[in-house]
Structures are given as structure tokens and as C-alpha cells.
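Order of the sequence lines fixes the chain letters, A, B, ..., with proteins taken first and strands second; residue numbering starts at 1 for each chain.
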Amino acid sequence: MSNINQIKKETMNLVIAGHVDHGKSTVIGRMLADTGSLPEGKLDQVKRNCEKNSKPFEYAFLIDALKDEQSQGITIDAARVFFKTEKRNYIILDAPGHIEFLKNMITGAARAECALLVIDAEEGVQENSRRHGYMMSMLGIKQIAVIVNKMDLVDYSQERFENIKKEYSEFLKDIDVKPDEFIPVSAFKGDNIAIRSANMTWYKGVTVLEMLDLFKKEKHTLEQDFRMPFQDVYKFTKFGDSRRVVVGTPTSGKLEIGDEVIFYPSGKKSKVKTIEEFNVEDRKQIKANNHAAFSLEEQIYITRGEMACKVSEKNPNLSTRLMASIFWLGHDPMILKKEYYIKLGTAKVTVRIEKIVKTIDASDLSAKEKTQIERHDVAQCVLKLTKPMAYDIASKLAITSRFVIVDDYEIRGGGIIQEALEDSAKWVRDKVVVRDFKWQKSMISSAKRSEKYNQRPTLVIITGEKDSGKKPLAKALENRLFEDGKIVYFLGIGNVLYGVDADIKNKEEDPKEHIRRLAEIAYIMMDSGAILIVTATMLDQEDLEIIKATVESDKIEVVWMGESVKTDINVDTRILNKEDIEENVGLLKSILEDKGIIFKPW
Amino acid sequence: MDHLKELENTSVHILREAYANFKNLAMLWSIGKDSTVMLWLARKAFMGHVPFPLVHIDTAYKIPEMIEYRDRLTKEWNLTMVYGQNEKALGEKQTFPDGNVDRITCCKLLKTTALRDTLSGKGKRYRFDHKKGKYRVDPDTDMYTGIIVGVRADEEGSRSKERYFSPRDNENNWDVGDQPPEFWNQYKTDFAPGTHLRIHPLLDWTELNIWEYIKKENIPTVSLYYNQGDGKRYRSLGCYPCTSPIESSAKNVDEIIEELKSGKLKNVAERSGREQDKEDGGGLETLRRDGYM
């Protein structure tokens, strides 16, 4: 069968879905037969077998026969059946009709570029006709044709066809799906699959094969804004290669040498210097869906999980709260308060459900108020992430609105983001984006400063309850590092309140703005290459989020003074006993050494 | 975008995901055409380099040209080459060619067991020392937690049920019935301690795609695949006592492609020259559940 896979023709992934016994296999069998895609003599052999066992021939037997062969080692694959038309090659992806296999159905269907939904003319619209329709829409399959099969069993009745069409259209309309066509067929008899039916002259539309060839390969992703989930940065010096390249597979848009790229959520930017590809000379452009590698004019530190975008185009959303539609596949329900991971592009962030707005039964669209999301439910909910993630919303750029939920090492659900919601640090990030955009860069790079000063700029935050010994420790640490020859500075939050914050009359009024300004000062001092030690009382996680949104989040060390942490802040180190200052200073210094912030003397 | 480019893009994306997510990653290289294409795709993914070890299970019965070719590419492409073998079974002559066990048992001992021990680090690994130009015992005995394998879904039944990222427990067991879903380019890259993952970047490729890609990229392959004038060539490579060449006049890549497309091989299974598949009906699935690739 592999002879069909000629490289010159394009290949399209097709999924055939529908309720159990509505005739999916028969449709596939008939398409294979009518397009001459079967191994020689196969059809005759199956027909003869049926005669011998005196049972009526069915096209579904053909699929079974092919599956049998496969288990004997011949190259046909149940999960990936190939056939071709004059125009192109098709790969049919397996989509089991049984609800138990929804997980497998999604695995197959998510890769499809077009879908045929099969409905039995006699039985009409059933539970999985709706559920599959719903899943197609969630998976983002836009090109759908509905096949009303077994028309021979209802005497090719136009009325029956129109009724089903009406009922199912209304359902699809509710879930925002616009099918390209409803086609009345009898796969068993061959009506309207490859050949126009003489039994249904009232039908003026296309045949199934004509419909397939009318579907388009998705090319418009190139016209959309550039998005590339950042996979990695490669520098293979070990192999004598000094290039430093950023790699990923763009999901939309294109990128050229000289384009300004910006990475979210960090907001760092640079220009594309070269485009690199092994065994390919002179590539000038990177296009959506192709593996890509490029070097940058200026070296910036970025980590996996960021999304590369173009400065000249619309930026993605950035937040820690969002409204999403989730389908759940796990045996155990998805519950409130529990920690899961959300994976979108290459980002992987801890997430909790803040609120379940409603759950929907995908088989009849009935909405229920539930406190958890059960297996095979679809739910609309508010998600809260522990750090900001870059994404798009489904109505603007669907591909980068899609995510999966990981629970206990397994992908247990998927979803699409419908709306960006306000979160506590958004106002800060908005300011930071403008700041970074307008920032005048010095000729001295951060790397050069680090080399000169023998240290990496860092913000050490010492927090805890009032009078817990923060300031004495901070000052002692500053002194020790200074004696060691480090560029270091101590800054108590009080030092900022009356000068930088002088315009804020009532000091209690806007505590978050104080934090933001403190963080901005930290940003400047760290840009100068310094290690900054800051003290502030009872900082909470929201304060830390503001600081993280302002300075680079991987350059912050949080120290809590006291036996137990009294706020929700995530700390790196706890100081249990405030009395022995010298020992505590030694401890913090060794932490800075271990993390490579200052270098160990030898 | 043509179909080969689509296949290449998916494979490269998967290889990069694997490299980003697994510390102890290794790629199985059988020296055959499929895993050599996979090795080439790794060079595509990693800018001409292969930043993890290539592991070969040497049954000691491989056709000599295969070993010569392996070591030549190791040097030319600066590969981190590691091989392992079941020294105990070989020492005790527990092999089919020695006449002491049947084919399936021989496969289990020389391939499955050798593979399991080499991957876990329990068995001795030999690593090519580029300075000395020879193999030495590898000091690295860490277990590989991510193993990249060049199986194709169209090869035979059990392989068609595979995922790109497929979990195995610490006994190498594979739960075919309950596999993780894969969609939207998201794979199972998280795994519990003690388990490991098999990564299958070639799942969607067919035998024909492999040859077409070899042609497109001009990838060097072992001479055994081509008719050297005696009207015979190997379609699939294995151990010489159990693999036989097929009748074929194809002398080069173009002629092989032609043969696969329209010639007499059109509807003949690729592994028909492999004797172990025929013994013990469905033998390969049994072998694979046990950890055979």
C-alpha cells in the first residue's frame, strides 16, 4: 500500500468519526475500493470468502481482512489507512466510536485536517454523533462534512435526510461548527461516495470524494502572527561548534533574517542574525510548521517555555489567570485546589482550578453545576497559574490557545483558552513591557560586567515578621560581601518610602506600588551588575509576583527570618535562629557560592 | 509542504523535545536504514551533531559489513558510540547458531537481554575512544531513561499501536491497552522514578518514505541493501544465520524506490526475510512486550 505515498502529491490527514455501527468502516472500505487503493485481488478474495460462508458481503469485512493481514506482518495499518484520489493522498486516522476509547479517538483526530462525521439515516443523530462533533470543534478541526449513511435503508428519502440535516445543523450551530456539506450516501451500495447516485437525483451537492478534494490544506497559518514555542538553545562547543542557536517549531507565521524577535513572558528581545539548518545552504526564511534554528544579534538569556514572537506583530496574552474550556480524560475527576501542570507550547506551569463555571455533557450540551470535572466531561473554568505564561485566545490564534493538563506524570486533559483574565501582576507587566521597549542599552553587556566583577547580579530579599532580625543580617551580609570585594548594596524598604515614594501621601494606601518601585530600583541596580540585599516585612506571594514581573525571576533569592513562614510566599531559604548573625551570614554566602552567584575562592 | 518534509519536521520536533526533557538519553542504532535515517534526523535536529550516545546491540552474529560501516560513520560523524552484548550467553554458547537454543530464545538472549542490561547499565558498555581509535569499557553506567528507537508503525501490528513517547515500567513492560493520549504536539515527557520512556520519531514513516529520504538527503547506507551483481540484496538487516537476502536486481536507491512502488515488492512484507517472525505466530509482539524493539 505504500506505493500510494508518492512524495510529489500532498498528503492530507482525514478522520472519520461517528456513533458505533453507523457505518464508518463501510465508508472507509468503499472509499478504498472505489479509489483502487486495495492490494491486488483483495476485494475478490473477501467477496469469495463471504460467498463460501454464505453471508452477504460487506465493505467493513474488507477493513477486518486488512487488519488480519497486518497482524501477519503485511504493511497495512489499521491506525493509518492510506488511499489516494487524483488530487492527493489521504491518511485515514483511527477514531474508535466507543466512548471508552475517547482518549485514542482524540490522539487520532487531533492530527486530522478534515473530518467526516457519519450518521445512520435510520437511527438518526445519536449520543456519540454529538459528542464527536463537539470534540472535533474542541480539537480545532474546521473542515467537516456530515455523511448521512445507509440512505438505501430509508428508501433514499429526501425528507429523512432533510430532517437529520436540520437536527444536526442546529446542534453544530450551538457549538459554532459550520459543516461544509451534508451528503446523503449509501456506502454499502456506493451511492455518492465516488459516483453520483442515480437514486437521489434530488441531491445536487458533491460526492464524498469530491468533497475531500475540496478541503484545503491549511496554509493560512503563514499569514498569522509569528509564534514559536522556544524549545531550546544549542551551543555544541564540545563538538567544536561556536554557534549559539535558538530552536523550535513555529506554529504560525514566518520569520526572516533581520527581524526583531521578542520572547514572552520575559520580554527579552533581539534580532535574527542567521538562519541555520544542517545540510541546507542559505535558508532565508523560517515558516510555520517547519523545524527551525536561528542565531541572534545579541545574546540573551532565555529559558524553555518562552514563546518567540515578532516585535512588529501583535503580542500574545500574558497572565496567570485565564478562562478555558477543558475536556477531561482521567479516571479520577479533576478537582478544585489540587495542583496540576498546564503545558502549552513548551511552557509547563503549575496550575489550579480557581472556579468551575459550568460543566457540559458533550453528548447533549446540557450544562450542569458541578464541583469537579468528571471523566469525559467538558467544563468551562477559571485557571490560576503560579507564574505568567504566554498564550493566545482561541478566537484570535487557535493553535497557541491549546494546552494539555498533566496529572501524576500523565496527560489527563486538554483545553483551549477563551479569555485572558486580570491577575494581580498584570499592571506591573504592562509597565515592564513598555520599559523594556524604551530601554536604552549600554555598550557594556551584562556578561562583561559579570566577568569584571566576578559575580552575577542578584536580588537577595530578606523578609519575615517585624523585628525578626532582618536588617542586622542584611547589613552584616552586605559587609561580608563588601570585604570580599563584591559590588553589593543594602536597601531597606524604608529607604524608598520617603524619597522615591514621596508622591504617595498615605503610605498605607498603595502598598503594591511601593513594592513595584522597590523592584524597579532593584532592576536598575542589578543592571549595573550589583548584588542587592533588600529587607521588607511580611512579603507575600503577590508581592513576590510583582517583583518577579519586574526583575528577572531567576535572579531572586528569597530568605525568610523565623521558624515558620507566616505568609503564602515561596521562599528559597529559612533562617531559624536570628541570634547567630555570623553563622547566618556564612550560610547565605555559601548559598550564593553554590548557585554560582559569587565564585568560591580557592 | 511535501510529505517527506512534514515527516522530517515532526521527527526533528520530537527529537528536540526528547533532548530537552531527558538527562540520560540514548539512541538505538541498529545500523539498518531506518535507524540510520533517524541518526541523520538527529544531525538535522542538533546542527550536525549528535549530543547523546548511540547504542548498538552486537549479537556477535551481525554481518561484518554492518560493523565496518558502524565504525566508519562513528569516526566520520564524531559519534558517541556505545555497544553492549550478552557476553554470558555467548560464552556459554547459548545461541541458535551453536545449536543449543531455538531462534526465539536466541533473540531473547542476544538482543532483548543484552539490550535490557546495556540500557540499565548492568551489562558492560563499550564506548568508542576517538583518540585511541578503539572501543574501551565505558565508565558511565547510569541507566538511560529516554531511549530513542526507530520503529515504524507500518512494520507490523504491535508497532502500529505505538505512541511517539511510550512509557515502560522498570521491568520494561508495555501496557498496550492503556496508553497516554498524544495531541497538539504534547507528549508524555514526565515520568515516575524507576520508569523510562521509549521515543519513536519515525512512527509515521513508511519503508518507501525511508528510501525516498535517503535519496533526497544522500544518506550513506550499508552496501548490503544493494544487489552487488548476484541478483540478491538484503531488504532488512539482522544476524546472518537468521536473515536472508531477497531476489532483486536493485543496484541503487532509485531502483529500490522503483521496486517498492511498482515492482514485485509492492505487496510483500518487509520483514519476510526474518525467520524469527515466523516462528511462534505473533512472536514479535511477545518479544516486544518483553522489551524487544
Side-chain angles (χ1 to χ4, degrees), chain A residues 1-3 5-11 39-40 67 70-80 89 103-104 106-107 109-111 139 217 231-232 234 236 238-239 241 243 245 247-249 251 276-279 289-291 293 304 329 341 343 346 399 402-404 406 408-411 414, chain B residues 1-6 8-9 12-13 16-17 19-20 40 43-49 51 78 153-157 160-161 163 167 179-188 190-192 195 204 206-209 212 216-218 260-262 266-272 277 282 284-285:
Chain A
M1 295 295 295
S2 45
N3 60 316
N5 243 340
Q6 294 161 6
I7 51 167
K8 294 288 170 260
K9 276 190 186 176
E10 63 182 16
T11 301
E40 248 167 79
K67 280 184 189 170
Q70 177 199 5
S71 64
Q72 291 157 24
I74 304 246
T75 56
I76 263 242
D77 172 14
R80 298 167 178 84
N89 301 321
K103 206 166 64 170
N104 295 349
I106 286 166
T107 300
R111 301 164 63 205
L139 291 170
K217 287 289 280 185
Q231 271 186 304
D232 224 328
Y234 293 152
F236 296 112
K238 188 171 117 184
F239 296 97
D241 188 340
R243 290 174 298 176
V245 296
V247 302
T249 308
T251 49
E276 307 277 341
E277 189 172 333
F278 172 69
N279 211 29
N289 302 321
N290 286 279
H291 63 83
R304 198 175 139 85
L329 305 167
Y341 285 113
K343 281 168 84 178
T346 56
I399 307 161
R402 297 173 185 152
F403 61 85
V404 298
V406 173
D408 190 27
Y409 310 111
E410 301 286 349
I411 294 176
Chain B
M1 197 190 303
D2 73 44
H3 189 50
L4 278 185
K5 184 65 184 152
E6 278 177 354
E8 180 193 288
N9 285 327
V12 166
H13 185 79
R16 286 174 175 169
E17 283 300 285
Y19 183 58
W40 186 267
R43 300 181 79 209
K44 279 256 172 203
F46 308 108
M47 322 314 294
H49 315 292
N78 193 19
D154 78 329
E155 281 177 280
E156 46 81 42
S160 77
K161 297 170 196 154
R163 298 281 204 254
Q179 299 196 68
E182 277 182 343
F183 52 100
W184 297 338
N185 291 334
Q186 296 291 355
Y187 313 106
K188 182 182 165 60
D190 302 85
F191 61 106
T195 60
D204 297 335
T206 64
E207 186 187 9
L208 180 63
N209 296 149
E212 285 168 336
K216 182 183 168 208
E217 295 282 325
N218 199 15
L260 286 171
K261 264 188 184 166
S262 49
K266 206 172 132 186
N267 289 314
V268 182
E270 178 184 356
R271 291 177 63 94
S272 53
D277 292 17
L284 203 54
E285 182 148 348

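B/Phe46 touches chain A through backbone and side chain together, each having a heavy atom under 4.5 Å away. Using a 4.5 Å cut-off between heavy atoms, B/His49 touches chain A through its side chain atoms alone. Interface remark: B/Asn185 contributes no atoms to any contact with chain A (heavy atom separation under 4.5 Å). Heavy-atom distances place no part of A/Asp408 under 4.5 Å from chain B, backbone and side chain included. Both the backbone and the side chain of A/Phe239 have a heavy atom closer than 4.5 Å to some heavy atom of chain B. Only the side chain of B/Glu6 comes within contact range of chain A, with heavy atoms under 4.5 Å apart. When heavy atoms are compared at a cutoff of 4.5 Å, A/Ile411 approaches chain B by way of both its backbone and its side chain. Only the side chain of B/Lys5 comes within less than 4.5 Å of a heavy atom in chain A; its backbone stays farther off.
Under the salt bridge (charged side-chain N to carboxylate O under 4.0 Å, His left out) criterion, B/Asp190 pairs with A/Lys343, A/Lys348, not counting sequence neighbours. A search for side chain to side chain donor-acceptor pair (under 3.5 Å) contacts involving B/Glu182 returns nothing, not counting sequence neighbours.
The shortest non-hydrogen separation linking B/Lys44 to B/Arg16 is O-NH2, 3.8 Å.
Comparing B/Ala192, B/Pro51, B/Ala45, B/Pro180 by how many heavy-atom pairs each has under 4.5 Å with chain A, the most go to B/Ala192.
Rounding to the nearest 0.5 Å places CD of B/Glu217 at 8.0 Å from CZ of A/Phe278.
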